[in-house]
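Data block below; observations after.
Side chains are part of it too, since the values below use all heavy atoms of this structure and drop only hydrogens, waters and symmetry mates. For clarity, every value in this text was computed on a predicted model and none was experimentally measured. Residue numbers start at 1 and run along the sequence shown.
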Amino acid sequence: MLKRSFLHVILLILLIAVAVGEAAAATPSPTDATPPSSAGDDLAAYQPALKPEFADDVYRLPGASRYDIQVRLVPGDSPRLIGQVTVLYTNSESEPLQQIVFRLYPNLPEYGGSMTVSAVAVNGVPTTPTYSAGQSALAVSLVPSLAPGRAVTLTLDYEATLPTDNRSGYAVFAYTDEVYALAGFYPTIPVYDAEGWNVEVSPPYGDVTYTDAAFYRVQLTAPAQLVPVTSGKVVDTAVNGDDTCTWTAVAALVRDFYIALSADYRLFSEETNGTRVNAYYRPGNEEGGQRALRSTLQALRLFDDRFGPYPYDELDVVPTPTTAGGIEYPGVIVISQGLYDDQGAYFDLVVAHEAAHQWWYGLVGSDQLDAPWLDESLANYSMYVYFQATKPAEEADKIKQMAFLDAYRDLQQNHLDRAVGGPVAGFNSQSDYVAVVYGKGPLFFDAVRERLGDDVFFAALRRYVAQHRYGVAYAGDLIAAFE
């Protein structure tokens, strides 16, 4: 994600210089799990979301969680989502799990909405969950505990209410200006690692998700006049008798699932390297839609070469009223719709940054709350790589000077310089976080690249992607790739 303070600073610069609960009540056994009925054991059902040469990747992580989601959008003055999520979860840890945790992201203050869970079942047996982290985490106890390699099926009935303004956070979960933005619209299982279940609440200017790659089958029912933009690939559309449609989408080995809808979305589309790029736009923004398509195609071709191939069948770019410049989701790049009239370099900057996140956060996961530099610093440096490859040299030089070197100089002059590593919560303010992670952090990658040379530097990044594709990487993994 490109944060507001970074965006505002760079926008001004570019315009001037570049324009040239309770414990569990039931005791179900989790050892005799059955998969969601609609997904079955057939991993081939998720293959349409991947390019043909990567179709067999569905068998690379057969124990990845499988989400089966049915959700209905109920429009109105206070729009609601009514849904059910069934998850087949396999314990891939080396120790038994006594509980499984879900995040309810709409209950976070920066989301500004709400989510309630009305029923929870473990292998079909009702149970009572407990809540924490300001009602944004729900724990389901397992009795007996779930042994390594064993699976359990969890079903949650839920309802969520969307805010109708963009004053909360970055309007990632909201209905504003005739657009439904549905980030975190379902209960989501976070990563379990050496820290246990990751349920900490990040400051509002940081990212909130830290999740494993999973399989998704999502059935969305909504008014028929809406145009859905989703992670993965829509594989079926059914017209219902009540002026609604039900769209079925599948996604393979992605970290979460995103949906945006609007009645006036239009589309430009083109294929490159086996991936269909869909650039959505709204009436009056045709030129911005064409530019979004061109910039995304350029970024996808470049990053395919520099970082390793993008394995998914589609990549969508869509405008929403977000107050961030851009936000990354698996298979979806969200761009602030206000930028579609931008004629300067800033639009391309945002597209390139968010496209790079399809590798750094998407393909190679990392802890965005405790180690944000692993994805944000690398994505911002990738943006500079894009400018070097596609823009005049002086334009790329100005990006490096203003976005990286000047930010680092200001840190030093204000006696605020510090290590790039560390959690979002460890920074004193949003401005410090942005200056260090988005400004100073890319200079690390530039220094490594200068020391190693382009051939070795990009070979190391391709190795990093190949070794950790669909997995979670840590700082030591990235350093090892360079070494």
Side-chain angles (χ1 to χ4, degrees), residues 34-50 58 64-76 79-89 102 104-106 115-121 124 153-162 173 175 179-189 211 213-263 265 278 312-314 316 318 329-332:
T34 56
S37 57
S38 57
D41 284 319
D42 188 6
L43 290 170
Y46 305 100
Q47 288 181 323
L50 295 167
V58 297
S65 295
R66 303 188 206 178
Y67 287 81
D68 195 321
I69 303 170
Q70 292 83 42
V71 61
R72 174 181 289 270
L73 171 63
V74 182
R80 294 179 297 139
L81 299 171
I82 301 173
Q84 181 183 82
V85 55
T86 299
V87 187
L88 175 66
Y89 180 88
F102 290 81
L104 311 181
Y105 292 117
M115 178 177 284
T116 58
V117 175
S118 58
V120 179
T153 298
L154 305 107
T155 302
L156 288 75
D157 296 336
Y158 69 95
E159 185 170 326
T161 301
L162 283 74
F173 182 76
Y175 174 62
V179 173
Y180 295 92
L182 305 182
F185 68 91
Y186 58 95
T188 307
I189 299 176
T211 52
F215 297 101
Y216 286 85
R217 181 178 185 272
V218 178
Q219 290 183 296
L220 166 69
T221 300
Q225 71 270 21
L226 296 176
V227 177
V229 181
T230 76
S231 295
K233 183 182 183 71
V234 174
V235 294
D236 185 65
T237 301
V239 179
N240 304 317
D242 56 356
D243 295 324
T244 67
C245 280
T246 298
W247 295 273
T248 301
V250 296
L253 298 171
V254 297
R255 300 191 186 278
D256 57 270
F257 197 97
Y258 177 79
I259 299 173
L261 305 101
S262 179
Y265 279 153
N278 298 314
Y312 304 107
D313 182 74
E314 291 185 6
D316 298 335
V318 62
Y329 301 101
V332 181

Worksheet item: Can you list the steps and then say if Gln84 with Leu156 is a side chain to side chain contact (heavy atoms under 4.5 Å, CB included)?
Response: CA-CA 6 Å; Gln84 181 183 82; Leu156 288 75; over 6 Å; no

Worksheet item: So how far is it from Gln70 CD to Ile82 CD1, rounded to the nearest 0.5 Å?
Response: 13.5 Å

Response to the item:
NZ (Lys233) and CG (Asp316) are apart, to the nearest 0.5 Å, by 10.0 Å

Worksheet item: Any chance the side chains of Thr246 and Thr221 put a donor and an acceptor closer than 3.5 Å?
Response: yes

Item to complete: Over all heavy atoms of both residues, which pair between Cys245 and Asn240 is shortest? Give the atoms and the distance, please.
Response: C-ND2, 3.6 Å

Worksheet item: Less than 6.0 Å separating the ring centroids of Tyr186 and Tyr158?
Response: no

Worksheet item: Do the side chains of Val87 and Arg66 get nearer than 4.5 Å, heavy atoms only?
Response: no

Item to complete: Identify the two heavy atoms, one from Ala213 and one from Ala64, that lie closest to each other, and give their separation to 0.1 Å.
Response: O-CB, 3.7 Å

Practice prompt. Would you mind reporting whether Thr153 and Thr86 have side-chain heavy atoms less than 4.5 Å apart?
Written response: yes

Practice prompt. Given side chain to side chain contact (heavy atoms under 4.5 Å, CB included), test Phe102 with Thr188 step by step and report yes or no.
Written response: CA-CA 5 Å; Phe102 290 81; Thr188 307; 5.9 Å; no

Response to the item:
When rounded to the nearest 0.5 Å, the distance separating CG of Leu73 from CG of Leu81 is 6.0 Å

Fill in: Identified side chain to side chain contact (heavy atoms under 4.5 Å, CB included) counterpart of Trp247 within the set Thr230, Val235, Val234
Val234

Worksheet item: Do you know the tightest heavy-atom contact between Met115 and Gly184?
Response: CE-O, 3.9 Å

Worksheet item: Among Tyr46, Phe185, Tyr216, which residue meets the ring-ring contact (aromatic ring centres under 6.0 Å, His included) test with Tyr67?
Response: Tyr216

Fill in: salt bridge (charged side-chain N to carboxylate O under 4.0 Å, His left out) partners of Asp256, counting only residues at least two apart
none

Response to the item:
Closest non-hydrogen atoms of Gly232 and Glu314, given as atom of the first, atom of the second and distance, are O-OE1, 3.6 Å

Worksheet, complete the sentence: When rounded to the nearest 0.5 Å, the distance separating CZ of Arg80 from CD of Glu159 is 4.5 Å

Worksheet item: Would you call the rings of Tyr180 and Tyr175 parallel, tilted or perpendicular, where under 30° means parallel and over 60° means perpendicular?
Response: parallel

Discussion item. Are Asp313 and Leu50 packed together at the side-chain level, in the sense that at least one heavy-atom pair is separated by less than 4.5 angstrom?
Written reply: no

Discussion item. For the backbone of Thr211 and the side chain of Arg255, can you confirm whether one donor and one acceptor N or O come within less than 3.5 Å of each other?
Written reply: yes

Worksheet item: If you look at every heavy atom in Thr161 and Phe173, which pair is closest and at what distance?
Response: O-CE2, 3.4 Å

Discussion item. Less than 4.5 Å apart, side chain to side chain, heavy atoms only: is that true for Gln219 and Ile69?
Written reply: no

Practice prompt. Looking only at non-hydrogen atoms, find the nearest pair between Pro330 and Ser231 and report the distance.
Written response: O-OG, 2.7 Å

Worksheet entry | Distance (rounded to the nearest 0.5 Å) between Leu220 CG and Leu182 CG | 7.5 Å

Practice prompt. Could you walk me through whether Ile259 and Val229 pass the side chain to side chain contact (heavy atoms under 4.5 Å, CB included) test, one step at a time?
Written response: CA-CA 6 Å; Ile259 299 173; Val229 181; over 6 Å; no

Practice prompt. Start with the C-alpha gap between Phe215 and Leu88, add the side-chain angles, then the distance that decides, and say whether side chain to side chain contact (heavy atoms under 4.5 Å, CB included) holds.
Written response: CA-CA 10 Å; Phe215 297 101; Leu88 175 66; over 6 Å; no

Discussion item. Counting only heavy atoms not in Asp236 (residues, nucleotides, ligands), do more than 12 fall under 6.0 Å from its CG?
Written reply: yes

Worksheet item: Donor-acceptor pair, Asp42 side chain versus Ala44 backbone, under 3.5 Å?
Response: yes

Fill in: Those residues that, when tested against Ala263, pass side-chain contact (heavy atoms from CB on, under 4.5 Å) (two or more places apart)
Gln225, Leu226

Discussion item. What's the separation between atom OH in Tyr89 and atom OG in Ser65, rounded to the nearest 0.5 Å?
Written reply: 6.0 Å

